[in-house]
Colleague: 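Questions regarding the structure given below will be posed in turn.
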Amino acid sequence: MKSSIFIKLVFLNAVLETYACGPGMFGRRRSQKKRTALIFKEHVPNVAEFSLIASGPPVGKITRNDPTFQELVPNYSKNIIFRDEEGTGSDRFMTNRLKEKLDNLAVLVMNTYHVVKLRVTEAWDEDNIHSSNSLHYEGRAVDITTSDRDRSKYGMLGRLAIEAGFDFVYYESRSHIHCSVKKDRDNLERRSFQTIITENGTEITLTSSHLIFTKSEANLDDKKAVATYARDVKIGHFIYVVSETSSLQKARISFEKVIKVTVSRKVGIFAPLTLHGTIVVNNVVASCYAVISNHQLAHIVFLPMRILHNFKQAGLYFLQELHLLKLNSSKINPSQNRNGIHWYAKFLYKITNELVSKNFLYIDSLKM
């Protein structure tokens, strides 16, 4: 009995020390990586600005008379100098996401150069001086310099912009750095969805980039499950359907033939992640993953998150068993919805271009 208590206390001590370590593991301080300046015409990530893993495609121009103009916010940060050559204050208007990244960058610039501030030369454009599909028209892009206009600093300014969290940074001109961000996410926004309907009336609605398991009539006997983008599901394909039963153990999977595919616009977009990487919606088996075409690859890259989740749940349960922590069942096995994209998924988006071939990615546009 005494040895059992001793072992539990040793484990508890190790857990508490791990939580107290801060930035570095096991109390070691993480060494700061040396910054390297961007070179002229370099952009990060190394894909087109409008690709999904960068800032994404343009949505449309925003004018002062447009209802969506109310979604833009003015930036009055004292750490930023706005050129505002038009005299209308238009360069201060931007999306919430752009404002957040710009404010982050202003702090990085002041910490790096002390007396030098961040300078914005262009942000939201209402005078049509940019190309027709520019993100400046949506308040999602800025052109920046340093307040002293020292061009020798612009390469490093680009590097700082990447650290600040911009989704696309481009050393576009000798006179400025171009930065842009993804569209602000809104769960109430209307988006395009595809509804797949089978011969038995079963249906599932998902975005075109979401993966769903299908079979063709020629390979119905093949036991290997193949996931494909919803946009590629055609009439005549078969999808996996779980039979309705009161017992999960007695549930059976059958194939139902697709007889209709429709496109509509609906509100909301949700993609819960499960430990198995699959999910059943309206009795239809689908993948938890989207954008990347290989379900197995997506499931593998999320392995660290599953391990972390299991460790966290085991740790909470262990602390509760020692009566050191009181938790209700929802804390031990949380199932509540959370808005936004998980930080690990965002991290994967940023490194995808370096590790994964573009053939695996769902990309709407590769044009600059």
Side-chain angles (χ1 to χ4, degrees), residues 52-53 57 187 189-303 305-306 335 337-338 341-342 345 348-349 352 356-365:
L52 290 179
I53 59 176
N187 290 335
E189 181 183 351
R190 299 182 70 84
R191 295 176 173 84
S192 293
F193 288 83
Q194 292 189 229
T195 299
I196 301 168
I197 306 171
T198 73
E199 55 191 340
N200 295 333
T202 305
E203 62 179 64
I204 183 173
T205 300
L206 11 65
T207 59
S208 59
S209 63
H210 202 100
L211 294 177
I212 182 172
F213 297 100
T214 64
K215 281 187 178 293
S216 64
E217 194 162 8
N219 66 356
L220 278 178
D221 295 330
D222 188 353
K223 294 184 179 180
K224 184 179 180 181
V226 178
T228 184
Y229 291 130
R231 71 172 182 190
D232 296 328
V233 176
K234 310 295 184 193
I235 293 175
H237 282 173
F238 291 80
I239 61 175
Y240 291 69
V241 179
V242 179
S243 61
E244 291 188 5
T245 176
S246 58
S247 174
L248 185 61
Q249 287 74 18
K250 295 181 180 179
R252 297 179 61 187
I253 293 179
S254 59
F255 302 118
E256 292 188 9
K257 192 174 185 178
V258 177
I259 61 169
K260 189 177 183 181
V261 179
T262 63
V263 178
S264 60
R265 294 184 66 81
K266 297 178 180 292
V267 173
I269 180 168
F270 304 95
L273 181 65
T274 66
L275 291 176
H276 297 286
T278 57
I279 188 170
V280 176
V281 180
N282 296 341
N283 295 330
V284 178
V285 182
S287 169
C288 289
Y289 308 112
V291 179
I292 189 166
S293 63
N294 190 303
H295 169 81
Q296 287 75 20
L297 178 60
H299 197 53
I300 289 172
V301 297
F302 271 93
L303 177 61
M305 278 308 304
R306 295 196 297 277
S335 59
N337 293 327
R338 295 181 181 178
I341 300 179
H342 193 277
L348 291 177
Y349 270 116
T352 292
V356 180
S357 167
K358 292 184 178 66
N359 295 329
F360 285 107
L361 300 177
Y362 181 95
I363 300 179
D364 285 339
S365 172

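A quick note: this is a predicted structure, and the numbers were derived from the prediction, not measured.
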Colleague: Under 3.5 Å, is there a donor-acceptor pair between the side chain of Ser243 and the main chain of Arg252?
Modeller: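 Checked: pair present.
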Colleague: Looking at every heavy atom in both Val285 and Ile212, which two are closest together, and how far apart are they?
Modeller: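 In this case the closest contact between Val285 and Ile212 is O-CG1, 3.8 Å.
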Colleague: Heavy atoms, side chains only, cut-off 4.5 Å: are Tyr229 and Ser208 in contact?
Modeller: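 A side-chain contact under 4.5 Å is absent here.
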Colleague: Looking only at heavy atoms, what is the nearest atom pair of Tyr240 and Thr214, with distance?
Modeller: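 For Tyr240 and Thr214, the tightest heavy-atom pair comes out as CE1-N, 4.1 Å.
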Colleague: What distance separates Ser293 OG from Asp232 CG, expressed to the nearest 0.5 Å?
Modeller: 9.5 Å
Colleague: Quick one: are Leu206 and Ile196 in side-chain contact, heavy atoms under 4.5 Å?
Modeller: yes
Colleague: Judged by atom type as modelled, is there a donor-acceptor pair below 3.5 Å linking the side chain of Lys257 to the main-chain atoms of Ile235?
Modeller: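 Flag not set: sc Lys257 to bb Ile235 has no pair under 3.5 Å.
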Colleague: Does Cys288 reach the side chain of Leu211, with side-chain heavy atoms less than 4.5 Å apart?
Modeller: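 No. Closest side-chain heavy atoms not under 4.5 Å.
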Colleague: Taking the side chain from His210 and the backbone from Thr207, do they hold a donor-acceptor pair closer than 3.5 Å?
Modeller: no
Colleague: What pairs with Glu203 under side-chain contact (heavy atoms from CB on, under 4.5 Å), at least two apart in sequence or on another chain?
Modeller: Thr195, Ile197
Colleague: So how far is it from Phe255 CZ to Thr198 OG1, rounded to the nearest 0.5 Å?
Modeller: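 One gets 13.5 Å once the value is rounded to the nearest 0.5 Å.
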Colleague: Would you say the side chains of Ser287 and His295 form a donor-acceptor pair under 3.5 Å?
Modeller: yes
Colleague: Are any side-chain N or O atoms of Arg306 and backbone N or O atoms of His299, one a donor and one an acceptor, separated by less than 3.5 Å?
Modeller: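 Yes, the answer is positive, given that a donor and an acceptor are paired below the 3.5 Å cut-off.
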